[in-house]
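Computed from a prediction, not measured in an experiment: that's the story for all the values here. Throughout, residue positions are numbered sequentially from 1 according to the sequence presented.
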Amino acid sequence: AADDDADFRSIRGLLADLLRVSVEFAPLAEIALGHKAQHVAAERNQKLLDRLWTESSRLGGRVGFVWLDDHNTATDGRADDVATDGRGFLDGRAGVTGRADHFVDADPEYESLVRRLLGRTWFVEKLEHALALADSAGAGMTFVTAAGELLEPDGTLTVGPRNASTG
């Protein structure tokens, strides 16, 4: 059983439990993260992957993982580079509240994960701001409005009342 436990030592917990967000911005951060907020955060290692590969059918439901050390994303964990490259630098523009990762606090070991997940997401005041930015300097970015509307880079728009949050 000790070897069984060793396979799971790299697991840190639910992503939402590793993040600290003010009450004001928590609902927007939750919208920005979507289903990933309830994913398990872990360091990727072969023992864990092997275990998941062989025993995933025994789980009672689906479990998502977000890897702390994932370098296979488009931004390679460098959201600051993306956010200052002319297409992403939106601070100071009309209706922009700020980049989502700047509203989330986490222990130092999780900061690059926060940038990777939220560094291309911007909080804005209104949907009209999101739409205008998506058609100009913010092309390829995700936008969450103060009312909770979500505009994704592919143009997908999600609106309507949010369900009660558990986190």
Side-chain angles (χ1 to χ4, degrees), residues 12-44 61-167:
R12 298 293 196 264
L14 291 181
L15 177 61
D17 293 337
L18 303 178
L19 309 178
R20 296 177 297 275
V21 187
S22 71
V23 172
E24 179 183 4
F25 290 102
L28 304 184
E30 185 176 355
I31 290 167
L33 288 169
H35 62 278
K36 290 178 187 170
Q38 298 304 313
H39 279 20
V40 173
E43 291 180 29
R44 182 175 24 209
R62 293 183 61 79
V63 178
F65 285 82
V66 59
W67 305 115
L68 298 175
D69 54 349
D70 188 15
H71 297 287
N72 296 323
T73 60
T75 62
D76 193 25
R78 295 172 295 169
D80 286 325
D81 295 345
V82 172
T84 58
D85 73 355
R87 280 178 20 119
F89 189 71
L90 303 177
D91 281 325
R93 293 183 181 260
V96 173
T97 306
R99 205 173 79 199
D101 63 319
H102 292 171
F103 296 89
V104 175
D105 189 31
D107 290 343
E109 67 183 299
Y110 307 124
E111 288 175 356
S112 65
L113 174 64
V114 171
R115 276 193 309 277
R116 192 174 78 234
L117 296 176
L118 296 173
R120 297 179 61 82
T121 300
W122 292 82
F123 295 158
V124 296
E125 294 172 15
K126 299 178 181 177
L127 183 56
E128 65 190 63
H129 298 121
L131 293 168
L133 289 164
D135 287 339
S136 61
M141 301 290 164
T142 299
F143 297 93
V144 179
T145 70
E149 295 130 341
L150 174 67
L151 180 61
E152 298 179 74
D154 66 1
T156 301
L157 176 63
T158 306
V159 299
R162 297 184 297 264
N163 292 333
S165 170
T166 58

_Those residues that, when tested against L131, pass side-chain contact (heavy atoms from CB on, under 4.5 Å) (two or more places apart)_ = L127, L151
*asked:* Restricting to non-hydrogen atoms, name the atom on L15 and the atom on L19 that form the minimum distance, rounded to 0.1 Å.
replied: O-CG, 3.4 Å
*How close do L133 and R93 get, heavy atom to heavy atom, and via which atoms?*
CD2-CD, 3.8 Å
*asked:* Please enumerate all residues that pass side-chain contact (heavy atoms from CB on, under 4.5 Å) together with A147, with sequence neighbours excluded.
replied: T145, E149
_Nearest 0.5 Å, please: how far is NE2 in H102 from CZ in R115?_
8.5 Å
*Per the side chain to side chain contact (heavy atoms under 4.5 Å, CB included) rule, which among V96, V124, T97 passes with L90?*
V96
*For L28, what residues pass the side-chain contact (heavy atoms from CB on, under 4.5 Å) criterion, not counting sequence neighbours?*
F25, F123, V144
*salt bridge (Lys or Arg N to Asp or Glu O under 4.0 Å) contacts in which one or both residues fall within residues 14-24, not counting sequence neighbours*: R20-D105, R20-D107
_Under the side-chain contact (heavy atoms from CB on, under 4.5 Å) test, residues paired with A37 that sit two or more places apart_ = A16, L33
*If you round to the nearest 0.5 Å, how far is CZ of R62 from CD of Q38?*
15.0 Å
_Minimum-distance pair of heavy atoms, taken over all atoms of S136 and A132_ = OG-O, 2.9 Å
*Please name the pair of heavy atoms, one in P153 and one in T142, separated by the smallest distance, quoted to 0.1 Å.*
CD-OG1, 3.2 Å
*Could you list the residues that satisfy ring pair (Phe, Tyr, Trp, His ring centres under 6.0 Å) with H129, not counting sequence neighbours?*
none
*Do I31 and T158 have side-chain heavy atoms sitting under 4.5 Å apart?*
no
*Taking only residues two or more places apart in sequence, or in another chain, which ones meet F65 in a ring pair (Phe, Tyr, Trp, His ring centres under 6.0 Å)?*
W67
*Non-hydrogen atoms of F143 and A130 that approach each other most closely*: CB-CB, 3.6 Å
*Nearest 0.5 Å, what's the CH2-CZ distance between W122 and F103?*
9.0 Å
*Examine distances only and state if a side-chain atom of D101 and a backbone atom of R116 form a donor-acceptor pair shorter than 3.5 Å.*
no
*asked:* Please determine whether side-chain contact (heavy atoms from CB on, under 4.5 Å) holds for the pair K36 and L117, giving the CA-CA distance in whole Å, both sets of side-chain angles, and the decisive distance to 0.1 Å.
replied: CA-CA 9 Å; K36 290 178 187 170; L117 296 176; 4.2 Å; yes
*Can you list the residues that meet the side-chain hydrogen bond (donor to acceptor under 3.5 Å, both in side chains) rule with T121, with sequence neighbours excluded?*
none
*asked:* Please give me the minimum heavy-atom distance between A29 and V104, naming the atom from each residue.
replied: CB-CG2, 4.3 Å
*Report the residues that fulfil side-chain hydrogen bond (donor to acceptor under 3.5 Å, both in side chains) with S22, sequence neighbours left out, ordered by chain and then residue number.*
none
*Scan for salt bridge (Lys or Arg N to Asp or Glu O under 4.0 Å) pairs involving residues 126-141, sequence neighbours excluded, and state none if there are none.*
none
*Go through the structure and list residues passing salt bridge (charged side-chain N to carboxylate O under 4.0 Å, His left out) with E43, not counting sequence neighbours.*
R12
